[in-house]
Amino acid sequence: MNRKTFISRSAMFAAFSAIGNVAIASTNKKHKGKHNVNSSKGGPVVISTWVHGIPANDAAMKVLLSGGSLVDAVEQGVMVVESDKNNTSVGLGGFPDREGIVTLDASIMDQNGNAGSVAFVQGIVHPISIARAVMEKTPHVMLVGYGAELFAKSLGMEQLPNVLTDQTSKAWQEWLKEKKYKPIINIENHDTIGLLAMDANGFVAGCCTTSGLSWKMHGRVGDSPVIGAGLFVDSEVGGATCTGLGETVLRTLASHLAVEKMRDGATPQEACELAINRIVKKHSNYKDFQVGILAINKEGEHGAYGLQKGFNYALHQHGANKLFDATSFLK
Ligand code: GLY
């Protein structure tokens, strides 16, 4: 497969993974905020991608408000979503790759700029906890595949066999019938949880965890576990995290780009827009895929921007945890 074909197939995979998320629309309505405010100041604040960010934010904020550490907060936040077997884009309930195998990617950064990540992990319920252990217990930043699984087991984590849920098994069987993709413009390409938190002192940490694209090539890894791509945090400035078609985020290191733009004076919203504009500029097929980005700065201000309409995010700040629609490049 040449590079161009791969890009266009990847866009189709991303589009295809939107299928099966009908239930999300009603949950979206339930949690909907009245307006998209992104100039709120002050911490603590937790922000995360998509409607599954609502329970993740709750868990993270609970840790922060009870005096827990920032890194505990972000880890425990996304663990809620990793545990949800009905979530088809994060954790072991995620859609499998072409071979019917679920492979998981995750990354974490703490308030001191430490980072850990894992990629291509099978059978572990909480890849984010392996990523955290890589950060805290090894001199490394990233472990992949069998090595990451061995490390997880050495820490007492159980490795489960690859068993699809009823939902993902059915969807994979359906996909196998044709093994091909239809280019659908993403309206709501729900994938991945990226979560950023700032404590009352202005320190920032973040996480990103995903099962990646549905029906991906076995071995494919996206942006989520790559520091600077799916996640970047620098407590001197703030943090950013991405969701959507990972290949485009990898090519532009969009989270790092957004944080560096904030370092140079951009607001979080401006930084998010600059990052999406860069992705648009570098991808002539930008109408075929979705990317969403979130950013926060040390003042507790946030930004959110999608390439396509349909990207939403959960914001927990000033005692309320609500879902908001991000503005987007394509209207
Ligand atoms: N953004 C998730 C992925 O592309 O794997």
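Counting starts at 1 for both ligands and their atoms, following the listed order. For clarity, every value in this text was computed on a predicted model and none was experimentally measured. Positions are given from 1 along the sequence.
Ser117 and Ser107 are not linked by any side-chain donor-acceptor pair at a separation below 3.5 angstrom, with hydrogens and angles left out of the test. Donor-acceptor pairing under 3.5 Å is recorded for the side chains of Ser48 and Asn57.
Distances below 4.0 Å separate heavy atoms of Asp223 from the following atoms of ligand 1: 1 (N), 2 (C), 3 (C), 4 (O). Within the listing of ligand 1, atoms 1 (N), 2 (C), 3 (C), 4 (O) sit less than 4.0 angstrom from a heavy atom of Gly244. Ligand 1 places these atoms under 4.0 Å from at least one heavy atom of Ser224: 1 (N), 2 (C). In summary, the atoms of ligand 1 found under 4.0 Å from a heavy atom of Gly246, numbered by their order in the structure, are 4 (O). Of all the atoms in ligand 1, the ones that sit under 4.0 Å from a non-hydrogen atom of Asp191 are 1 (N), 2 (C). Taking every heavy atom of Thr192 and a limit of under 4.0 angstrom, the matching atoms of ligand 1 come to 1 (N), 2 (C).
Below 3.5 Å of separation, one finds no N or O of Asp105 facing any N or O of ligand 1. Taking any N or O of Gly222, backbone or side chain, none lies under 3.5 Å from an N or O belonging to ligand 1.
Note: Glu149 CD to Met157 CE = 12.0 Å, rounded to the nearest 0.5 Å.
Not a single heavy atom of Lys216 sits closer than 4.0 Å to an atom of ligand 1.
A salt bridge is absent between Glu270 and Lys261: the closest approach of a Lys/Arg side-chain nitrogen to an acidic carboxylate oxygen does not fall below 4.0 angstrom. Using a cutoff of 4.0 Å between basic side-chain nitrogens and carboxylate oxygens, Asp72 and Arg132 are scored as salt-bridged.
Closest to atom 5 (O) of ligand 1, if we only count protein heavy atoms, is Arg220 NH1, 2.7 Å.
Phe311 pairs in a ring pair (Phe, Tyr, Trp, His ring centres under 6.0 Å) with only one of the listed residues (Phe289, Trp50, Phe329, Phe324), which is Trp50.
A 6.0 Å sphere centred on CG of Asp166 holds no more than 12 heavy atoms belonging to other residues, nucleotides or ligands.
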